[in-house]
Amino acid sequence: MRIGELAERAGMTTRTLRYYEARGLLPARRTGNGYRDYDETDLRLLEQIRTLQDFGFALEDARPFVDCLRSGHPTGDACPASLDVYRAKLAELDACIAEMQRVRNQVAAHLAYAELTAAPAPEPRCDLAAAGRPAPPNPEDQP
């Protein structure tokens with residue numbers, strides 16, 4: 001299939017596919033007349049890359065998965081290098097979660113302290129005008 005069809009089937013732009021080709025993630029096979037030529041394997045490569053990016057992986061993190069698929073494995077995560085990328089990402093996510101939990105605990109502590117030390121809200125003023133009577137003049141409003 002040509003680049004336009006592959007881009008459409010993968011839900012990507014041809015520009016993205018050319019970028020992946022330049023980065024060495026997508027093979028650059030050419031027909032006799034110079035057109036790029038792709039097959040279903042290339043579509044699987046792109047689906048693997050898209051999935052990883054949806055999970056928050058950097059584009060370069062996809063390389064071991066692509067290499068795994070290119071070497072004939074049925075999935076990109078069947079190789080040890082791919083598993084290492086998964087482990088590194090999990091460690092990164094765990095660190096982020098721990099940091100967010102630390103910040104959450106600090107915010108909760110500040111809230112609890114603020115609630116204990118905050119001045120009570122002032123009593124609402126009775127607006128006599130709302131009851132149909134004119135409100136008494138406020139001395140602060142006088143010039």
Side-chain angles (χ1 to χ4, degrees), residues 1-135 138-141 143:
M1 74 185 92
R2 292 209 181 134
I3 193 168
E5 181 182 349
L6 179 63
E8 184 178 326
R9 289 184 61 192
M12 299 177 178
T13 65
T14 56
R15 183 177 178 180
T16 299
L17 300 188
R18 287 187 196 99
Y19 177 73
Y20 290 170
E21 180 183 316
R23 299 289 305 259
L25 293 170
L26 187 63
R29 293 181 304 275
R30 302 280 182 155
T31 62
N33 59 3
Y35 290 118
R36 288 173 172 87
D37 186 44
Y38 302 100
D39 58 23
E40 295 298 319
T41 302
D42 299 316
L43 182 60
R44 282 193 10 238
L45 290 175
L46 294 173
E47 288 169 348
Q48 180 74 71
I49 292 169
R50 168 71 54 101
T51 298
L52 292 169
Q53 287 188 313
D54 288 347
F55 290 161
F57 286 80
L59 184 58
E60 194 55 37
D61 291 336
R63 189 169 302 283
F65 296 85
V66 169
D67 292 344
C68 191
L69 282 169
R70 281 188 184 163
S71 68
H73 292 276
T75 63
D77 54 9
C79 297
S82 302
L83 299 177
D84 289 343
V85 172
Y86 276 144
R87 287 184 191 102
K89 188 61 164 180
L90 279 177
E92 178 186 323
L93 291 169
D94 287 342
C96 287
I97 291 168
E99 176 63 13
M100 291 183 78
Q101 186 63 49
R102 185 188 68 74
V103 170
R104 186 203 179 283
N105 290 343
Q106 286 180 331
V107 171
H110 281 270
L111 173 62
Y113 178 78
E115 288 176 336
L116 287 174
T117 60
E123 292 292 321
R125 286 185 25 186
C126 178
D127 187 3
L128 297 177
R133 289 183 240 136
N138 186 342
E140 294 177 5
D141 293 340

**OP:** Look at atom CD of Glu5 and say whether more than 12 heavy atoms of other residues, nucleotides or ligands are closer to it than 6.0 Å.
**Re:**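 Above 12, so yes.
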Ignoring hydrogens, what is the shortest heavy-atom contact between [X] and [Y]? Give both atom names and the distance.
X     : Y     : value
Leu45 : Pro27 : CD1-CD, 3.9 Å
Arg44 : Leu69 : NH2-CD2, 3.3 Å
Pro64 : Glu60 : CD-O, 4.0 Å
Arg70 : Gly24 : NH2-O, 3.3 Å
Arg50 : Ala10 : NH2-O, 3.9 Å

Report the distance from atom [atom1] of [X] to atom [atom2] of [Y], rounding to the nearest 0.5 Å.
X      : Y      : atom1 : atom2 : value
Arg63  : Ile49  : CZ    : CD1   : 9.0 Å
Phe57  : Tyr86  : CZ    : OH    : 6.0 Å
Leu111 : Arg104 : CG    : CZ    : 10.0 Å
Leu25  : Asp67  : CG    : CG    : 8.0 Å

Please report, to 0.1 Å, the donor-acceptor pairs under 3.5 Å made by any side chain of residues 90-102, with sequence neighbours excluded.
| from | atom 1 | to | atom 2 | distance (Å) |
| --- | --- | --- | --- | --- |
| Glu92 | OE2 | Lys89 | NZ | 3.3 |
| Glu99 | OE1 | Arg102 | NE | 3.1 |
| Glu99 | OE2 | Arg102 | NH2 | 2.6 |
| Gln101 | NE2 | Asn105 | OD1 | 3.1 |
| Arg102 | NH1 | Gln106 | OE1 | 3.3 |

Subject >> Asp61/Leu52 under side-chain contact (heavy atoms from CB on, under 4.5 Å): CA gap, chis, key distance, verdict >> reply: CA-CA 8 Å; Asp61 291 336; Leu52 292 169; over 6 Å; no
Original post:
Which residues pass the side chain to side chain contact (heavy atoms under 4.5 Å, CB included) test with Asp84, sequence neighbours left out?
Top reply: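 Asp84: side chain to side chain contact (heavy atoms under 4.5 Å, CB included) contacts with Arg87.
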Tell me, do [X] and [Y] make a side-chain contact under 4.5 Å, heavy atoms counted?
X     : Y     : value
Tyr20 : Leu59 : yes
Leu46 : Leu17 : yes
Ser82 : Thr75 : no

Subject >> Option passing side-chain contact (heavy atoms from CB on, under 4.5 Å) with Arg36 (candidates Arg18, Arg2, Met1) >> reply: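 Single pass found, and it is Arg18.
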Original post:
After noting the C-alpha distance and the side-chain angles of Leu43 and Tyr38, does the key distance pass the side-chain contact (heavy atoms from CB on, under 4.5 Å) rule?
Top reply: CA-CA 8 Å; Leu43 182 60; Tyr38 302 100; over 6 Å; no
Subject >> Worked verdict on Asp42 versus Leu26 for side-chain contact (heavy atoms from CB on, under 4.5 Å) >> reply: CA-CA 7 Å; Asp42 299 316; Leu26 187 63; 4.0 Å; yes
**OP:** Would you please test Arg15 and Tyr19 for side chain to side chain donor-acceptor pair (under 3.5 Å) and show each step?
**Re:** CA-CA 6 Å; Arg15 183 177 178 180; Tyr19 177 73; over 6 Å; no
